[in-house]
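What you are looking at is a predicted structure, and each value in this text was computed from that prediction instead of being measured. No hydrogens, no waters, no symmetry mates; every other heavy atom, side chains included, goes into these values.
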Amino acid sequence: LAQAIKRMSSKGINEARYVWETSETGEEAAIPGFWYEHIFHMANISVSAWEYFQYTQDREYLEETAWPVMRACAEFYLRHMVYRIEGGKTIIGRCTDWERLGSSVQNAYMTTCGVIRTLQVTAEAAQLLSLDPDFVREANDVAARLYEGLPHDGEKYVPHPDCDQKSIGVFGGLFPYRIQREDNPLQRAAIEDYQKYEGTYGNMYAVGSGVSSWFAAWKGIAYARMHEPERAFACLRQAASSQGCFGELFEINEEHAVYRPWFTTANGIFLATVHNMLLQSTP
């Protein structure tokens, strides 16, 4: 946290900007690229910290470890990424939402879902700890306005306004950021639309002709949360079709395209899908 604050903030300002691939010393470990402009990973940090507290009910952990991180990440979002644009809509400014979509995407669906969830859980933590009522009001207000401004075309949520591609990111309102009800018609329509084109957009980059095991398992969690177990199980089978001879998951494992063997992201989310099919953590 100290390094994340030092990267972003002047003296006395408590805003954290975690780098994309953080080393043990808090420095950037990734090779240079436009993935540096991701910001949704700080939502993952904040939401995971909150969910860990929900499971353990360890108030000391919440107060001394989780809350400072959550608050500093929320401050970065509020002071650097929230914009009020012409017409009064509140959006998240330009960033890299999903690498396949490129850089400098404005009002991106998945990233905005992450910011909304961060503000929601940080406000909830503040209330539980009886801290900073002004922050609680601001965080809840901005989260509500961002939700109203989520990009859609009148029928479905879209990856970002005027997007000419499809993106796994439209699942983001259910996983990893549960801000949508499972029966939300715009959310469901976005998922069905993506499914029609996943043969083209089913990988993080334009490689191979199949579907990334990571994306397949990601869909499985969303379907589990939508109470559609048959479709969730089909996603697990889809993900497992990319496994290698030792059962390891690749991102892509096809005859003419082998990409990222020993792909730990896919292994992790495969297990998470199984967990979500068996037991879910909801209010």
Side-chain angles (χ1 to χ4, degrees), residues 1 3-4 18-52 55 69 73 96-101 110-111 113-114 117 167-172 174-178 194 198 201-225 232-281:
L1 177 60
Q3 283 290 92
Y18 284 90
V19 294
W20 179 230
E21 294 185 9
T22 309
S23 70
E24 290 85 347
T25 58
E27 298 166 314
E28 179 64 80
I31 60 174
F34 65 97
W35 38 85
Y36 279 15
E37 309 314 319
H38 283 301
I39 63 168
F40 70 79
H41 57 297
M42 294 196 297
N44 297 358
I45 293 169
S46 298
V47 173
S48 295
W50 174 245
E51 290 182 347
Y52 180 80
Y55 177 74
V69 171
C73 289
T96 298
D97 178 63
W98 199 248
E99 288 171 31
R100 183 148 183 165
L101 297 176
M110 185 183 72
T111 296
C113 290
R117 191 66 185 139
S167 172
I168 187 70
V170 297
F171 284 77
L174 290 170
F175 179 82
Y177 316 114
R178 195 167 195 162
Y194 171 82
E198 75 166 347
Y201 298 101
N203 288 312
M204 187 165 64
Y205 299 106
V207 179
S209 59
V211 175
S212 166
S213 53
W214 175 16
F215 287 11
W218 185 342
K219 293 188 305 171
I221 293 179
Y223 286 129
R225 291 181 172 186
F233 182 64
C235 290
L236 281 179
R237 293 182 63 90
Q238 186 181 33
S241 67
S242 288
Q243 67 181 329
C245 58
F246 297 105
E248 77 279 13
L249 287 181
F250 291 58
E251 181 168 355
I252 304 165
N253 186 15
E254 303 172 14
E255 184 177 357
H256 301 294
V258 178
Y259 194 58
R260 292 189 180 175
W262 307 98
F263 189 44
T264 55
T265 302
N267 283 280
I269 198 169
F270 189 96
L271 291 174
T273 306
V274 174
H275 294 164
N276 273 261
M277 291 176 66
L278 297 173
L279 181 66
Q280 294 179 33
S281 175

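Shortest non-hydrogen contact noted between G172 and M110 is CA-CG, 4.4 Å. Heavy-atom minimum distance, L174 versus R225: O-NH1, 2.6 Å. Across all their heavy atoms, S242 and E251 have their closest contact at OG-O, 4.3 Å. Taking both residues in full, the closest heavy atoms of A224 and Q280 are given as O-NE2, 2.9 Å, listed atom of the first, atom of the second, then distance. Across A43 and G114, no two heavy atoms sit closer than the pair CB-O, 3.3 Å. I269 and A217 get closest at one heavy-atom pair: CG2-CB, 3.5 Å.
The main-chain N or O of Y177 is never found under 3.5 Å from a side-chain atom of R117 such that the two would form a donor-acceptor pair. Formation of a donor-acceptor pair under 3.5 Å by the E28 side chain with backbone atoms of E21 is found in this model. In terms of modelled atom types and a separation under 3.5 Å, the side chain of E27 and the main chain of T25 share no donor-acceptor contact. Looking only at distances, a side-chain donor or acceptor of S213 sits under 3.5 Å from a matching main-chain atom of F250.
Between Y18 and V69, the closest side-chain pair of non-hydrogen atoms falls below 4.5 Å. Side-chain atoms of T111 and W98, non-hydrogen and from C-beta on, never get closer than 4.5 Å to each other. With a 4.5 Å cut-off on side-chain heavy atoms, I168 and K219 count as touching.
Atoms CD1 and CG, on I221 and N276 in that order, are 5.0 Å from each other to the nearest 0.5 Å. With values rounded to the nearest 0.5 angstrom, I39 atom CD1 is found 11.5 Å from N44 atom CG. Summarising the geometry, atom OG1 belonging to T265 is positioned 8.0 Å from atom CE belonging to M204; distances are rounded to the nearest 0.5 Å. Note that CG of L1 is 7.5 Å distant from SG of C73, once rounded to the nearest 0.5 Å. Note that CZ of F215 is 10.5 Å distant from CZ of F171, once rounded to the nearest 0.5 Å.
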message = Before you tell me yes or no, could you show the steps for H41 and T22 under side-chain contact (heavy atoms from CB on, under 4.5 Å), namely the whole-Å CA-CA distance, both residues' side-chain angles and the distance that decides it to 0.1 Å?
response = CA-CA 11 Å; H41 57 297; T22 309; 5.7 Å; no
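A side-chain contact (heavy atoms from CB on, under 4.5 Å) with P32 is found for one member of F34, Y36, W35 and no other, namely Y36.
For N203, the side-chain contact (heavy atoms from CB on, under 4.5 Å) test picks out R100, S212, I252, with sequence neighbours left out. By the side-chain contact (heavy atoms from CB on, under 4.5 Å) test, A216 pairs with V211, Q238, A239, sequence neighbours left out. Every residue two or more places apart in sequence or in another chain was checked for a side-chain hydrogen bond (donor to acceptor under 3.5 Å, both in side chains) with S241, and none qualifies.
Under the 6.0 Å cut-off for aromatic ring centres, W218 and Y194 do not qualify, their centroids lying 6.0 Å or more apart.
The aromatic rings of F40 and W20 stand perpendicular to each other, their planes meeting at an angle above 60°, with 30° marking the opposite boundary.
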